[in-house]
Amino acid sequence: MNNDRKMELSRAILSAAYIAAGIILISHPGITGIIICRAAGILALLFGGFRAFAALRARGAGWLFQLDLVVGVLLLAFGIFSLAQPQVVLSILPVALGVYLLMECVGKVQRAFWLKQAGYIRWWTVLAMGLLAAGLGVLLIVNPFGAVETMLMFLGASLAVNGAADLWVLWCFASQGGGKDKE
């Protein structure tokens, strides 16, 4: 399998994971949000503990290890906070996802124009899906909602749309073949 095929397969799997995560968030927003926060808290505790321990073991090695100690302590604090106050962490999540969706949109818009240059007739569908994902991202940033469950359902819808848009882009590139659409 060549590198392009591996990359396409990786993007397709990631897109399917976005769709699956979106569906789970839509159908079970409350428990999913708490699980996400607790998992993030546990990971932060593990990574923070490792970094702090490694920095303390290498005390005399220089300023780089002091920075590791600071990062480790910050990760430990975030881990404890995530485990103790998952609702607060959840309230920050939509803004972070909104920024991520906006960054993803830039790539989709760029791919849409590549498809247009390659002569693909339906290039505008990729553009429309990218702009839809961007609109959802802006909405998440501007109005992250008061109710965490509603926000998580919206977050799930945003992930599902983003995953579907990525799969559509992959399909468009795959069906485009040598450069010109067959219609």
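This is a predicted model, so every value here is computed, not measured.
Summarising the geometry of A160 relative to I19, their closest heavy-atom pair is O-CG1, 3.7 Å, with the distance given to 0.1 Å. For L170 against E8, the heavy-atom pair with the smallest separation is CD1-O, 3.8 Å. Of all heavy-atom pairs spanning L140 and S158, the tightest one is CD1-OG, 3.9 Å. Nearest heavy atoms, G72 versus R51: CA-CB, 3.9 Å. Scanning both residues, S82 and C37, for their nearest heavy atoms gives CB-O, 3.5 Å. For C172 against V126, the heavy-atom pair with the smallest separation is SG-CG2, 3.9 Å.
The side-chain hydrogen bond (donor to acceptor under 3.5 Å, both in side chains) contacts involving residues 11-23 comprise Y18-Y100, where partners must be two or more places apart or lie in separate chains. Within the structure, no pair that satisfies the salt bridge (Lys or Arg N to Asp or Glu O under 4.0 Å) test touches residues 70-88, not counting sequence neighbours.
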Review point. Given the rule in the side chain to side chain contact (heavy atoms under 4.5 Å, CB included) test, do L115 and R111 qualify, once you have shown the distances and angles that lead to the verdict?
Key: CA-CA 6 Å; L115 283 169; R111 287 188 290 277; 5.6 Å; no
Practice item. Report the C-alpha distance between F154 and L139 in whole Å, list the side-chain angles of each, state the deciding distance to 0.1 Å, and finish with yes or no for side chain to side chain contact (heavy atoms under 4.5 Å, CB included). Key: CA-CA 10 Å; F154 184 75; L139 190 56; 3.5 Å; yes
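With values rounded to the nearest 0.5 angstrom, N162 atom CG is found 5.0 Å from E104 atom CD. Distance check: W123 CH2 to W114 CH2 gives 15.0 Å after rounding to the nearest 0.5 Å. In this structure, N2 CG and K6 NZ are separated by 8.5 Å, a value rounded to the nearest 0.5 Å. The CE atom of M153 lies 11.0 Å from the NE2 atom of H28; values are rounded to the nearest 0.5 Å. Taking CG of L132 as the start and NZ of K108 as the end, the distance is 10.5 Å to the nearest 0.5 Å. Remark: L152 CG to I24 CD1 distance equals 12.5 Å, nearest 0.5 Å.
A heavy-atom distance below 4.5 Å is not found between the side chains of L74 and F78.
With side-chain heavy atoms closer than 4.5 Å counting as contact, directly or through intermediates, the hydrophobic cluster containing L76 also holds I42, L45, L46, I80, L83. Annotation for F53: hydrophobic cluster partners, listed by chain and number, are none (ILVMFWY side-chain heavy atoms under 4.5 Å, direct or chained). Residue M7 shares its hydrophobic cluster (ILVMFWY side chains chained together at separations under 4.5 Å) with no other residue.
Hydrophobic cluster membership differs between L75 and F50, with clusters built from Ile, Leu, Val, Met, Phe, Trp and Tyr side chains linked at under 4.5 angstrom. Following chains of ILVMFWY side-chain contacts shorter than 4.5 Å, one can reach L131 starting from F113, so the two form part of one hydrophobic cluster. Transitive grouping of hydrophobic side chains (ILVMFWY, heavy atoms separated by less than 4.5 Å) brings I34 and L155 into a common cluster. In the hydrophobic clustering of ILVMFWY residues, with side-chain heavy atoms under 4.5 Å counting as a link, V95 and V142 come out apart. L14 and V161 fall within a single hydrophobic cluster, where Ile, Leu, Val, Met, Phe, Trp and Tyr are joined by side-chain heavy atoms under 4.5 Å apart, directly or via other members.
Residues forming a ring-ring contact (aromatic ring centres under 6.0 Å, His included) with W124 (at least two apart in sequence, or on another chain): none.
Test L25, L136, I23 against L159 for side-chain contact (heavy atoms from CB on, under 4.5 Å) and you get one pass: L25.
Annotation for F81: atom CZ counts as buried by contact number, over 12 foreign heavy atoms lying within 6.0 Å.
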